[in-house]
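Some notes on the structure that comes next.
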Amino acid sequence: MPNPSILDQDRDIGPGSSTSTEPKESFGDILSQYEQAHSHKAEEGGRGLEGTVVAVTGDQVFLDIGYKIEGIIPLAEFQNAGEEIKPGDRVAVSIKGRGEDGYYELSKIKVERPKDWSSLEKAFADKIAIAGVITAVVKGGVSVDVGVRAFMPASRSGAKDAAEMEKLIGQEIRCRIIKLDVADEDVVVDRRAILEEDERSAKEKRYSEVKEGETVTGTVRSLTDYGAFVDIGGVDALLHVGDISWGRVNKPADALTVGQQVEVKVLKVDPAKRRISLGMKQLLPHPWELASEKYKQGERVTGTVTRVADFGAFVELEKGIEGLIHLSEMSWSKKVRKPSDVVKAGDNVDVVILGVNQADRRISLGLKQALGDPWMEVPHKFPVGAVVEGAVTSLTKFGAFVQVSEGVEGMIHVGDISAEKRINAPSDVLRVGQVVKALVLECDLEKRRLRLGMKQLVPTSLDEYIGEHKEGDVVTGRMIEASGGRARVELGEGIQGICRLGSDSPEQEEKPSDSKVDLSSLSTMLQSKWKGGQGGGASKREPARAGQIRSFRIVKLDPSAKKIELELA
């Protein structure tokens with residue numbers, strides 16, 4: 001015969017007991033009432049009861065279960081399950097026993113502990129869960145009291161190691177019979193399967209409870225390259241790396257650690273696929289909301305280069321706000337071919353805000369503007385007439401570009417390259433990279449144009465003539481042509497000047513058909529003949545005309561423009 005159940009311990013008081021012989025004594029009734037209440041341990045222990053929470057202390061929960069005495073459950077049972085409990089809540093419980101203080105010891109386990117072998121056989125056949133108490137750690141597992149002594153292998157205990165199994169001693173558990181031999185009184189139970197089923201059930205329930213948009217608290221369980229898995233009360237949800245911060249996060253490990261408590265927002269719930277997406281940055285205001293107020297055009301700011309592309313570099317101004325430095329805004333020099341020649345990821349740079357487009361969340365930045373505009377100094381640094389030196393940066397059909405300083409280029413027109421011969425293309429005499437000297441012929445700051453000339457630096461007979469004379473000198477020259485009150489005068493081979501004629505107008509010489517007579521010229525001629533003057537003196541009074549050889553006074557010498565201004569002497 002199998003051993004009787006340890007739960008079947010209550011005995012009826014027989015008629016021969018001493019309590020039954022005491023007439024009119026209420027002690028028997030009192031004892032009967034106590035035993036009836038105490039027998040709930042056997043009769044009600046496995047049957048589901050529902051209690052109402054009446055109080056919650058620092059370590060216990062008191063429940064009204066319909067009896068004269070309340071029941072108690074350790075608060076840790078709720079905390080370990082991630083449940084919040086408060087007065088008024090209703091909880092399904094079972095009675096484990098009665099403590100020394102008189103309170104019923106309750107359990108949230110709602111299954112029945114078998115009372116005999118027939119109950120065990122039925123539980124085994126129906127594969128239902130039963131209650132048991134772990135009594136000891138034995139070789140290969142633990143001993144469990146399920147009404148009879150049963151064995152539970154360590155691998156099926158749900159414990160991770162021996163130390164955790166030791167902590168199970170004295171605990172009431174739910175398990176399932178996986179082997180039953182009545183003849184040999186051999187019972188083997190499995191707790192792990194029940195735990196796994198409970199976990200699946202809890203997850204299913206949690207998936208139905210979690211709502212999109214709500215804020216929850218969770219614990220980081222693991223980190224991957226693409227995100228972090230967060231336990232939000234029994235289920236793992238994914239916090240994608242892009243939803244950790246408004247700023248750029250290269251990998252989750254840079255911002256999170258395993259075991260860290262985080263507050264997150266539920267972004268999406270997919271019960272069918274059992275997926276929950278979370279976000280941390282969504283709980284913070286978006287930095288772009290105040291971008292247009294914070295960043296003004298023309299302001300100088302500091303940022304960090306986050307990545308470099310073929311067309312420019314992205315700079316983080318603050319967490320969640322990046323601006324773009326386009327390739328064209330990196331340097332005043334045209335020789336920059338790719339952004340990586342100027343900046344690299346991780347560089348801290350000073351930039352100038354060129355524009356803010358809050359609607360498209362774009363900020364245009366300028367790196368070269370923060371370095372200062374080199375053209376502002378060009379008029380003072382390279383005035384007209386100054387000699388500059390630089391390398392040829394590029395050649396075109398009409399001229400050559402020469403870099404005279406960082407960010408400043410001048411252009412030599414093909415006609416200003418050589419005075420010795422006619423050049424069809426600049427590439428006939430120049431090459432990229434060649435260092436040349438040139439004279440500044442024109443400086444236009446508004447158009448950012450600097451015109452240079454090479455041939456102007458080659459000495460000519462005109463240069464020598466100008467160098468040998470000074471303003472006020474009287475020289476002799478031959479008029480080549482005269483018109484409009486001005487005459488072109490040849491002072492030597494290849495040397496010409498411009499003379500202002502004044503009243504000696506050549507109009508009569510150029511218009512012989514005109515019937516009007518120049519009376520002043522006529523009187524001069526007559527006076528000359530009357531006085532019998534010589535030809536040299538008479539010629540000074542004669543009207544200026546082409547072919548005359550006369551004396552002139554130098555009014556102005558302009559070496560840079562290679563000009564000589566004259567007047568009749």
Side-chain angles (χ1 to χ4, degrees), residues 79-84 155 157-161 163-164 192-289 303-310 313-324 340 343-348 361:
Q79 293 175 336
N80 293 338
E83 300 178 10
E84 295 184 1
S155 62
S157 66
K160 297 178 181 178
D161 50 36
E164 193 170 326
R192 177 177 166 183
I194 299 297
L195 293 177
E196 291 173 349
E197 290 175 3
D198 289 346
E199 184 179 0
R200 286 193 296 269
S201 177
K203 286 184 177 180
E204 293 292 342
K205 181 181 179 183
R206 185 60 175 155
Y207 278 118
S208 63
E209 292 176 344
V210 176
K211 304 299 181 185
E212 293 183 6
E214 69 177 340
T215 301
V216 296
T217 301
T219 304
V220 178
R221 292 191 58 183
S222 62
L223 300 172
T224 67
D225 291 339
Y226 55 86
F229 287 95
V230 180
D231 182 353
I232 55 171
V235 295
D236 283 351
L238 176 63
L239 173 59
H240 192 271
V241 62
D243 291 313
I244 294 176
S245 171
W246 289 117
R248 184 175 297 277
V249 178
N250 294 323
K251 53 184 178 179
D254 294 339
L256 301 171
T257 57
V258 175
Q260 180 181 346
Q261 296 288 320
V262 293
E263 189 174 28
V264 291
K265 183 176 182 179
V266 179
L267 304 180
K268 186 177 180 181
V269 180
D270 189 342
K273 295 182 179 180
R274 296 186 177 183
R275 292 179 183 174
I276 298 176
S277 299
L278 306 175
M280 284 180 64
K281 70 181 185 181
Q282 287 77 6
L283 296 178
L284 301 173
H286 199 294
W288 272 100
E289 294 176 1
T304 303
V305 178
T306 56
R307 56 195 173 101
V308 178
D310 293 338
F314 290 91
V315 177
E316 184 180 61
L317 304 181
E318 65 174 272
K319 292 295 184 181
I321 294 186
E322 283 187 345
L324 173 66
S340 57
V343 296
K344 63 181 182 297
D347 286 351
N348 290 323
R361 294 184 177 179

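Keep in mind the model is a prediction, meaning the values are calculated, not measured.
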Minimum-distance pair of heavy atoms, taken over all atoms of [X] and [Y]:
{"X": "Ala228", "Y": "Val220", "value": "CB-CG1, 4.4 Å"}
{"X": "Ala255", "Y": "Val249", "value": "CB-CG1, 4.5 Å"}
{"X": "Ser222", "Y": "Val258", "value": "CA-CG2, 4.3 Å"}
{"X": "Ala313", "Y": "Val343", "value": "CB-CG2, 3.8 Å"}
{"X": "Ile232", "Y": "Ala237", "value": "CD1-CB, 4.1 Å"}
{"X": "Gly320", "Y": "Pro287", "value": "CA-CG, 3.8 Å"}

Would you check if Leu239 and Leu256 make a side-chain contact, meaning some heavy-atom pair closer than 4.5 Å?
yes
Using 0.5 Å steps for rounding, measure from the [atom1] atom of [X] to the [atom2] atom of [Y].
{"X": "Leu278", "Y": "Phe229", "atom1": "CG", "atom2": "CZ", "result": "10.5 Å"}
{"X": "Thr304", "Y": "Glu318", "atom1": "OG1", "atom2": "CD", "result": "12.0 Å"}
{"X": "Thr215", "Y": "Gln282", "atom1": "OG1", "atom2": "CD", "result": "10.5 Å"}
{"X": "Glu212", "Y": "Lys265", "atom1": "CD", "atom2": "NZ", "result": "10.5 Å"}
{"X": "Leu267", "Y": "Asp243", "atom1": "CG", "atom2": "CG", "result": "5.5 Å"}
{"X": "Arg200", "Y": "Glu196", "atom1": "CZ", "atom2": "CD", "result": "6.0 Å"}

Partner residues of Thr306 under the side-chain contact (heavy atoms from CB on, under 4.5 Å) criterion, sequence neighbours left out:
Arg248, Phe314, Glu316, Glu322
Go through the steps for Thr217 and Gln261 under the test side-chain contact (heavy atoms from CB on, under 4.5 Å), then give the verdict.
CA-CA 7 Å; Thr217 301; Gln261 296 288 320; 3.9 Å; yes
Got a sec: does the CG of Asp270 have more than 12 other heavy atoms crowding it under 6.0 Å?
yes
For Glu84, does the CD atom have more than 12 heavy-atom neighbours from other residues, nucleotides or ligands under 6.0 Å away?
no
Can you list every salt bridge (charged side-chain N to carboxylate O under 4.0 Å, His left out) pair that touches residues 215-239, not counting sequence neighbours?
Arg221-Asp236
Going by salt bridge (charged side-chain N to carboxylate O under 4.0 Å, His left out), name the pairs with one or both residues in residues 255-264, residues two or more places apart or in two chains.
none
Please check if the side chain of Lys281 supplies one atom and the backbone of Gly242 the other of a donor-acceptor pair under 3.5 Å.
yes
